[in-house]
Amino acid sequence: MSQQALVLVTTPVAGIESASAFKVVDPATFHISAMDLAVTRGDGIFDVFGVRDGAPVNMDAHLARFARSAAMLDLPAPLESAWRPAIEAAIEAFGPGYGAVKLVMSRGIEGCGVPTGFIYVWSVEDEAALDLSGGISVVTLDRGYRHDVALTSPWLLQGAKTLSYAVNKSALREAARRGFDDVLFVSSDGYLLEGPTSSLILRIDGELFTPKHDLGILPGTTQIASFQVANSLGLTAREELLAVDALDRADAAWLTSSIRGAVPLRKVDDREYEIDSDLTARLNATVIRPS
Ligand code: PLP
């Protein structure tokens with residue numbers, strides 16, 4: 001069995017529980033109730049970051065986004081005093097190597113009012129060993145929401161990292177059916193959004209752009225870190241409302257995410273892009289994918 005670790009976290013809720021507690025358990029046996037709303041409705045949140053030989057990658061940004069997702073779902077704020085020691089225990093139980101740390105908090109067992117929390121760490125050595133330096137192909141798919149959905153319909157939770165990723169996975173299967181490796185979602189009114197598990201970066205006239213974070217998309221920690229690297233290299237990098245035709249003006253593009261880092265795109269639909277191996281390596285060299 002591949003290397004993995006599971007830690008159950010008691011998530012304190014004001015008035016119900018004051019102390020934080022966790023226990024390291026066997027990941028191969030059952031721990032989550034069949035009545036948990038994570039299981040029955042996907043009602044909860046998660047976040048994922050990398051860990052390399054015991055060192056978490058960009059963890060604070062992920063904890064901040066976990067708290068943001070909780071607020072969007074009206075879940076209690078995840079107390080860092082409860083989660084940080086539990087994360088440390090999970091990382092220690094996992095041991096050395098390259099892993100992914102998944103933080104999960106659901107609304108708990110229906111009617112109970114106490115969230116369920118757990119942390120799962122698994123090996124991503126195989127994923128990291130995949131050579132994506134030659135670039136991947138991406139198909140644009142309509143997400144079916146307008147670009148202003150987060151403003152007009154916040155109850156749709158666009159931009160929260162919820163446990164309901166069935167649609168994201170379905171989009172990836174559609175890409176495979178069409179002969180592509182990945183997906184770029186586009187709003188129903190023609191603006192670029194994000195991938196099902198990644199953020200988009202385009203290079204246009206020597207500047208880097210990413211779709212504005214208020215478009216009902218997840219603010220990507222890897223994209224944000226990439227822009228910091230780009231700035232340190234003297235490149236201008238900014239969020240912008242990008243219509244689909246920005247794809248025609250770009251000469252290079254990437255999908256970024258915590259475990260894979262910045263992956264260059266060789267093709268979006270029938271548009272072909274240059275692979276800038278040097279910039280890709282620089283984006284991946286620091287906080288994103290330290291080796
Ligand atoms: N957008 C979506 C919908 C995602 O699920 C993810 C990551 O899983 C990202 C963007 C990229 O986020 P990060 O770079 O923090 O991994």
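Not measured: the values here are computed from a predicted model. Both counts, for ligands and for their atoms, begin at 1 and track the order of listing.
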| message | Cation-pi check for Tyr120 against Lys102: NZ or CZ below 6.0 Å from the six-membered ring centre and within 45 degrees of the axis, yes or no? | response | no
| Is any side-chain N of the basic residue among Asp47 and Lys161 closer than 4.0 Å to the acidic one's carboxylate O? | no
| said: Under 3.5 Å, is there a donor on one side chain and an acceptor on the other for His147 and Ser188? | reply: no
| note | Per the under 4.0 Å non-hydrogen criterion, ligand 1 touches His62, Arg65, Lys161, Tyr165, Glu194, Gly195, Pro196, Thr197, Ser198, Ser199, Leu218, Gly220, Thr221, Thr222, Thr256, Ser257, Ser258
| message | Quick check: Phe46 with Tyr165 (ring centres under 6.0 Å apart)? | response | yes
| message | Determine whether the aromatic ring centres of residues Phe22 and Trp83 are separated by less than 6.0 angstrom. | response | no
| request: Sort out for me which residue in Leu37, Leu75, Thr162 forms a side-chain contact (heavy atoms from CB on, under 4.5 Å) with Asp43. | output: Leu37
